[in-house]
Amino acid sequence: MPELPEVETVRRGVQAQVVGRRITAVEVGRERTVRRTSRQALIDGLTGATILAANRRGKYLLCPLDTGDELMVHLRMSGRLLVAAAGTPRPAHTHVVMHLSGSPRQELWFVDPRTFGEVVVFDPANVDVELPELARLGVDPIADGLTRTQLATLLAGRRRLLKPLLLDQHVVAGVGNIYADESLHRARLRHDRLADSLTSREVGRLRDAVVSVLTEAVEAGGSTLTDTQYVDIEGGQGWFQVHHRVYDRAGQRCITCGKADIQRVMMGGRSTCFCPRCQH
DNA sequence: AAACAAACCTGTGCGC
DNA sequence: TGCGCACAGGTTTGTT
């Protein structure tokens, strides 16, 4: 579910509502959510700690603590982070509850039906061992920026299909299935183009498309699909889905050309939607 | 090097 | 209405 724009929206919510507050108590329901370490490690690492900041790298939410440790939350497919008044009935699949200092009394919930997501406290000095994938993340188009030259370098000599490459977090961090399809459509490029076959003009289009799609999606608060799985920290939905041109629009007329129908194929195990007339 | 399938889970929507 | 299947925003692992 959540890709860069959704995680960024959550990050902003954490920044506005949680940063500066102390975690007074921690409850861990399902152990699977803290499988990277353990229930006790999360409780020990968070209890009494104050959250100093809310950062993001790709789809990873990273919160430095005053203990020197860092809190990492990854929402994966179905994770949600919610702030609620203490005592509010918790939704099903609430696996971690962090009680926050201050008044009114509030709690930070990690809710995750599919349990792919995780919550972990790690020592940033030991990140290579405790969270090795973090160091191997590629360029974040929003946090780092992405230049045409940079993207050209990433694509050069890669005999790789364009879409799986965009989805590879070691190359570009933050792009997921929705925004890969939307970016490729905006760049007028097919998902099955070989990365090293792009002209420099096409690389420029792709760079502009990725950055502008992600930027606009962040401004819209992300995409909330019909299942309303994704919501921001206050439970509010995002609105970028009304701007989707291809994602989940298989069989419908292309909004851009008005002439062809959006097609859907599987690529790398992910459904892929594109316009056969607009994209080459 | 790169593409694929399967694995990890639960929920929903669809065809019959 | 109920049942079974396909599929879902992600990532890793093992196999071709």
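What's counted below: heavy atoms across the whole structure, side chains too, no hydrogens, waters or symmetry copies. Every chain is numbered from 1 and lettered A, B, ... according to where its sequence line falls, protein lines coming before strand lines. Here the structure is a predicted model, which is why all the values come from computation and not from measurement.
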Problem - Each stem that DNA chain B is part of, given as range with range (3 or more consecutive Watson-Crick or G-U pairs, under 3.5 Å) - result: B:2-8 with C:10-16, B:10-16 with C:2-8
Practice task
State whether A/Gln169 places a side-chain N or O below 4.0 Å from either non-bridging phosphate oxygen (OP1 or OP2) of C/dG10.
Solution key: no
Handout entry: Side-chain donor-acceptor contact under 3.5 Å, A/Ser78 with A/Asp112
Key = yes
Exercise for the section: Tell me whether the OP1 or OP2 atom of C/dG10 has a side-chain N or O from A/Ser78 closer than 4.0 Å. Expected result: no
Practice task
Can you tell me, in whole Å, how much space there is between the C1' of C/dT1 and that of B/dT10?
Solution key: 22 Å
Practice task
Using atom CG of A/Asp192 as one end and atom P of B/dC4 as the other, report the distance to the nearest whole Å.
Solution key: 11 Å
Practice task
Have a look at A/Arg136 and say if it touches a base, only the backbone sugar-phosphate, or nothing, with a 4.0 Å heavy-atom cut-off.
Solution key: nothing
Exercise for the section: Provide the full list of ring pair (Phe, Tyr, Trp, His ring centres under 6.0 Å) pairs with a residue in residues 69-112 of chain A, sequence neighbours left out, each pair given once. Expected result: A/Tyr60-A/His74
Practice task
Look at A/Arg35 and C/dT12 and indicate whether a side-chain polar atom (N or O) is within less than 4.0 Å of OP1 or OP2.
Solution key: no
Practice task
Find the distance A/Glu3:CD to C/dG10:C1' and express it as a whole number of Å.
Solution key: 9 Å
Handout entry: Interatomic distance where CD belongs to A/Glu133 and P belongs to C/dG10 [whole Å]
Key = 15 Å
Exercise for the section: Not counting sequence neighbours, list each pair that qualifies as a ring pair (Phe, Tyr, Trp, His ring centres under 6.0 Å) and has a residue in residues 192-222 of chain A. Expected result: none
Practice task
Answer yes if the side chains of A/Arg264 and A/Thr272 hold a donor-acceptor pair under 3.5 Å, and no otherwise.
Solution key: no
Fill in the blank from the handout: A/Met77 atom CE is separated from C/dT12 atom P, nearest whole Å, by 14 Å
Exercise for the section: Remember a base hit wins even if backbone is also touched, and classify A/Gly269 as base, sugar-phosphate or nothing at under 4.0 Å, heavy atoms. Expected result: nothing
Practice task
Name the nucleic acid region contacted by A/Tyr179, choosing base, sugar-phosphate or nothing; use a 4.0 angstrom heavy-atom cut-off, strictly under.
Solution key: nothing
Handout entry: Ionic contact status for A/Glu130 with A/Arg36, cut-off 4.0 Å
Key = no
Problem - Whole-Å P distance, B/dA5 and C/dA8 - result: 14 Å
Problem - Whole-Å distance separating the CG atom of A/Leu61 from the P atom of C/dG10 - result: 16 Å
Problem - A/Gln106 side chain to A/Arg21 side chain, donor-acceptor N/O pair below 3.5 angstrom - result: yes
Exercise for the section: Sequence neighbours left out, what passes side chain to side chain contact (heavy atoms under 4.5 Å, CB included) with A/Ala53? Give chain and number order. Expected result: A/Asn55, A/Pro64
Practice task
Show your reasoning for whether side chain to side chain donor-acceptor pair (under 3.5 Å) applies to A/Ser223 and A/Tyr179.
Solution key: CA-CA 10 Å; A/Ser223 299; A/Tyr179 300 106; 2.7 Å; yes
Exercise for the section: Could you state the atom-to-atom distance from CG of A/Leu134 to P of C/dG10 in whole Å? Expected result: 18 Å
Problem - Rounded distance in Å - NE2 (A/His191) to P (B/dA2) - result: 18 Å
Exercise for the section: Give a yes or no on whether a salt bridge exists between A/Glu202 and A/Arg148, defined as a side-chain N under 4.0 angstrom from a carboxylate O. Expected result: no
Exercise for the section: Classify every nucleotide of nucleotides 8-16 of chain B by which part a protein heavy atom approaches to under 4.0 Å, writing B for the base, S for the sugar-phosphate alone and - for neither, in 5'-to-3' order. Expected result: BBBS-----
Practice task
Indicate the atoms forming the closest heavy-atom contact of A/Arg207 with A/Leu146, along with that distance.
Solution key: NE-O, 2.6 Å
Exercise for the section: With P as the reference atom in both, quote the distance from C/dC5 to B/dA6 in angstrom, rounded to an integer. Expected result: 16 Å
Practice task
Specify the separation, in whole Å, of atom CZ of A/Arg270 and atom C1' of C/dA6.
Solution key: 15 Å
Practice task
Verify the distance criterion only: is there a donor paired with an acceptor across the side chains of A/Thr115 and A/Arg32 at less than 3.5 Å?
Solution key: yes
Exercise for the section: Using a cut-off of strictly less than 4.0 Å between a heavy atom of the residue and any atom of DNA chain B, enumerate the qualifying residues of residues 158-166 of chain A by number. Expected result: A/Arg158, A/Arg159, A/Arg160, A/Leu161
Practice task
Evaluate the ring planes of A/His244 and A/Tyr247, with Trp represented by its six-membered ring, and classify them as parallel (under 30°), tilted (30 to 60°) or perpendicular (over 60°).
Solution key: perpendicular
